[in-house]
Amino acid sequence: MKIVKKILAKAKLKMKNYLLPNIKLLLLGSGELGKELVIEAQRLGCEVIAVDKYENAPAMQVADKYFVLDMTNKLLLKDLINDVQPDFVIPEIESLSIEALKELEKEGVKIVPNARTVEMTMNRDKIRDLAYSDLNIRTAKYRYVFNLDSLKSNALNIGFPLLIKPLMSSSGKGQNIVRKEDDLENSWNEALKNSRGKVKGVIIEEYINFNYEFTLLTVRTNKGENIFCEPIGHEQKNGDYQCSWQPIHMNASIINEAKEITNKILDNLNGSGLYGVEFFVCGEDLIFSELSPRPHDTGMVTLMSQNINEFELHLRALLNLPIPDVQIISPAATRVLLSGNDYQNFAFYGIHQALEIQNSKVLIFGKPIAKKGRRMGVTLASGKDVNEARHRADKCSSMITIKPID
C-alpha cells in the first residue's frame, strides 16, 4: 500500500509540473513588455492577471483579468496578491511596494526572480553598490545626493560633464547630461520631478564617452545555470532606448568578460528568470551599466532574431521548462515609434506603406494616451545582415506617423 501511495504521489507531482493551464501568473505592471509576456504565457496555457495604476494599459488588453491599483500601497498590494493567490508574482516595473513583496515571499509566495533582486534593481544605488563595492566590478564613478546643498561639492568631485539621474525611474525619465555648474539645479529638479516611488534622491555619475553599448540577455535557470543570448547592440537618447540590433559584432574577449561579470552578479542575486545586463565599451575596457531582472526593451529584437524570444525565455526559466540552445535565426533590428506631441485621440498613419518593406513587422503597443516623446510602438525587420535589417527597421519606422484623429 505504501508503494502504491508513493507511485501515485510521484505521478501527481509529474502531472503538476506539466499542467500549465493550472498556472496562474500575476503581472505587476502592464506595459508593452508585459503585453508580450502575457501573449507568450497564454500560448503555454497559463492564466494571467495584469495590474497597473491606470485603466486599459497594454498588457490589460490581452490578459485574462486585470486590476487597476496603486502598487506602491503596501496594504492594497498585499490584499490583492492574497486574494488572487497566484503561483507566481512577476514584477514588470520598479514602482511598487517592495515591503509587500518581501513579507509575502516569507509567507511562501513566489516572487520572480525573488524579492531581494527586485529590491536591488529597483533603486540604482543598491545594484550599483552591489557591483562596485561588493563584487569589485568596474562602473562609472558615482555619488548619491539627497539634498541640493551637497549637489555642487559632489558634482565637482565627479567632474563635468556628468549625468544626473533619479535613483528610481524608468525609460530614462529625468536623466540629463550636465555640462556646467550653472545647470545643476535645473537638472536636480528635473530628476526629482521624474522620480518614481518614495525615494527622493539622485545619482550623479561620470559621463562615459563610450564607443558603443550593448545588452547581454541572460537566462538563469532553477538549477543556477546562466544561459547567454548573443549580445544586442543598442542606441539610447537621454537614457531611453531608440533602436537595437542582434547580433552585434564584438571582440570575443569583451564578450567573455561580460559573461564573467554577469555570472558574478547573477550568482549573487540567484533567482530564475531573464536578466537584461547593460554594458559600455570604451576602447578595450568594459564598464557595467545597469541590470533589469525581466525582459528588456532592447530585447524586443529577439521576436525576429532568435529561435526563442526573450519573453518565452523568461517564462521557461520561471516555470522550470526546458531551454534548448538559444540561436540566432536571422539578423534583425528594431526602431521605436515615438509620439511627437500629446494626444488624447490619435491614430497611426502609414502602416500600409511600412509593411510593404520586406521582412518587416509593426507592433503598436496600445497605450491609451500619447505623450510627447513617449514610445508608442516599435518596428522590427530582419535581413541578410545587421546593416540590411537596421535599414529596413528604420525605413519602416520613418513611414509611420502619429497624428490626432480628424
Side-chain angles (χ1 to χ4, degrees), residues 120-121 124-145 154-167 169 171-172 174-181 183-184 187 191 202-218 226 228-266 268 275-292 296-299 301 331 333-334 386-387 390:
M120 294 291 289
T121 54
R124 288 190 172 92
D125 55 343
K126 293 182 184 297
I127 190 62
R128 187 65 60 87
D129 286 345
L130 173 68
Y132 180 76
S133 301
D134 297 348
L135 302 178
N136 198 30
I137 294 169
R138 183 178 176 185
T139 69
K141 291 187 290 186
Y142 63 96
R143 297 285 187 278
Y144 306 126
V145 179
N154 280 282
L156 292 174
N157 187 278
I158 293 287
F160 295 97
L162 55 80
L163 293 169
I164 291 186
K165 306 176 182 179
L167 283 173
S169 68
S171 302
Q175 176 176 313
N176 282 294
I177 298 176
V178 182
R179 302 190 182 278
K180 58 183 187 297
E181 188 178 319
D183 296 333
L184 283 171
S187 295
V202 305
I203 181 171
I204 58 174
E205 183 179 289
E206 172 190 12
Y207 178 75
I208 300 292
N209 189 20
F210 54 85
N211 298 96
Y212 61 93
E213 55 187 329
F214 69 95
T215 302
L216 185 62
L217 291 180
T218 307
N226 297 327
F228 301 102
C229 300
E230 287 288 323
I232 297 171
H234 59 85
E235 293 177 0
Q236 299 190 48
K237 184 177 180 181
N238 296 325
D240 199 8
Y241 131 86
Q242 302 295 304
C243 64
S244 63
W245 59 94
Q246 188 189 35
I248 177 174
H249 299 294
M250 298 166 51
N251 189 304
S253 63
I254 293 289
I255 297 176
N256 290 334
E257 186 180 354
K259 290 179 179 179
E260 290 175 6
I261 290 171
T262 300
N263 281 331
K264 271 188 180 181
I265 298 174
L266 298 195
N268 183 282
Y275 294 78
V277 191
E278 295 182 58
F279 294 94
F280 299 122
V281 178
C282 304
E284 298 299 316
D285 296 328
L286 183 68
I287 301 173
F288 169 73
S289 175
E290 293 185 359
L291 177 147
S292 298
H296 200 266
D297 293 327
T298 65
V301 70
T334 70
V386 163
N387 289 335
R390 293 188 67 183

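Count residues from 1 along the sequence. Values in this document were obtained by computation on a predicted structure and should not be read as measured data.
In terms of the ring pair (Phe, Tyr, Trp, His ring centres under 6.0 Å) criterion, Tyr212 has no residue partners (sequence neighbours excluded). Partners of Glu206 by side chain to side chain donor-acceptor pair (under 3.5 Å), not counting sequence neighbours: none found. Judged as a side chain to side chain donor-acceptor pair (under 3.5 Å), and not counting sequence neighbours, the contacts of Glu213 are Gln236. Taking Asp134 as the reference, nothing meets the side chain to side chain donor-acceptor pair (under 3.5 Å) condition, with sequence neighbours excluded. Residues satisfying the side-chain contact (heavy atoms from CB on, under 4.5 Å) criterion with Asn256, sequence neighbours excluded, are absent altogether. Glu260 meets the side chain to side chain donor-acceptor pair (under 3.5 Å) test with no other residue; sequence neighbours excluded.
Applying the side-chain contact (heavy atoms from CB on, under 4.5 Å) test between Tyr142 and each of Ile204, Asn154, Leu162, Ile203 identifies Ile203 as the sole match. A side chain to side chain donor-acceptor pair (under 3.5 Å) with Tyr241 is found for exactly one of Thr334, Thr298, Thr215, Asp297, namely Thr334.
Side-chain contact between Cys282 and Ile208 is present, with at least one heavy-atom pair separated by less than 4.5 Å. In this structure the side chain of Gln246 reaches within 4.5 angstrom of the side chain of Cys229, judged on heavy atoms. Taking 4.5 Å as the limit, some side-chain heavy atom of Ile254 sits within range of a side-chain heavy atom of Phe214. Residues Arg143 and Ile158 meet the side-chain proximity criterion, which asks for heavy atoms closer than 4.5 Å. Residues Leu286 and Phe210 form no side-chain contact, since every pair of their non-hydrogen atoms from C-beta on lies 4.5 Å or further apart. When side chains are defined from C-beta on, Phe160 counts as touching Leu184, because their heavy atoms get closer than 4.5 Å. At a threshold of 4.5 Å between non-hydrogen side-chain atoms, the residues Lys180 and Asp183 count as touching. Here the side chains of Thr262 and Phe228 are in contact, with some heavy-atom distance below 4.5 Å.
Interatomic distance, OG of Ser292 versus CG of Leu217, reported as 10.0 Å (0.5 Å rounding). Considering CD1 of Ile137 and NZ of Lys264, their distance stands at 5.5 Å, rounded to 0.5 Å. If you take CD1 on Ile232 and CD on Glu278, they are separated by 10.5 Å, rounding to the nearest 0.5 Å. To the nearest 0.5 Å, the span separating CD1 on Ile255 from NE2 on His249 amounts to 10.0 Å. Annotation: the span from Leu130 atom CG to Thr139 atom OG1 amounts to 11.0 Å, rounded to 0.5 Å. Distance CG/Leu163 to CD1/Ile177: 5.5 Å, rounded to 0.5 Å.
For the residue pair Leu135 and Ile265, the shortest heavy atom distance occurs at CD1-CA, 3.9 Å. Of all non-hydrogen atoms in Pro331 and Pro247, the two that sit nearest each other are CA-CD, 4.2 Å.
Side-chain contact check for Gln242 and His234: no donor-acceptor pair (N or O, by modelled atom type) lies under 3.5 Å.
Ion pairing of Lys126 with Asp129 is absent here, as no side-chain N (NZ or NE/NH1/NH2) approaches a carboxylate O to less than 4.0 Å. A salt bridge links Glu205 and Arg128; the closest N-O separation between the charged side-chain nitrogens and carboxylate oxygens is under 4.0 Å.
Under a 3.5 Å cut-off, the side chain of Asn176 and the backbone N or O of Val178 do not form any donor-acceptor pair. Thr218 places a side-chain N or O within donor-acceptor distance of the main-chain N or O of Leu216, the cut-off being under 3.5 Å.
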Run the side-chain contact (heavy atoms from CB on, under 4.5 Å) check on Glu290 and Thr121 step by step: do they pass?
CA-CA 8 Å; Glu290 293 185 359; Thr121 54; over 6 Å; no
Between Arg138 and Asp285, is a side-chain contact (heavy atoms from CB on, under 4.5 Å) present by the stated rule, with each step listed?
CA-CA 9 Å; Arg138 183 178 176 185; Asp285 296 328; 3.4 Å; yes
Determine whether Ile287 and Val281 satisfy the following criterion, side-chain contact (heavy atoms from CB on, under 4.5 Å), listing intermediate values before the conclusion.
CA-CA 6 Å; Ile287 301 173; Val281 178; over 6 Å; no
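Ring-plane geometry between Phe288 and Phe279 is classed as perpendicular, the angle between the planes exceeding 60 degrees on a 0 to 90 degree scale with a lower cut at 30.
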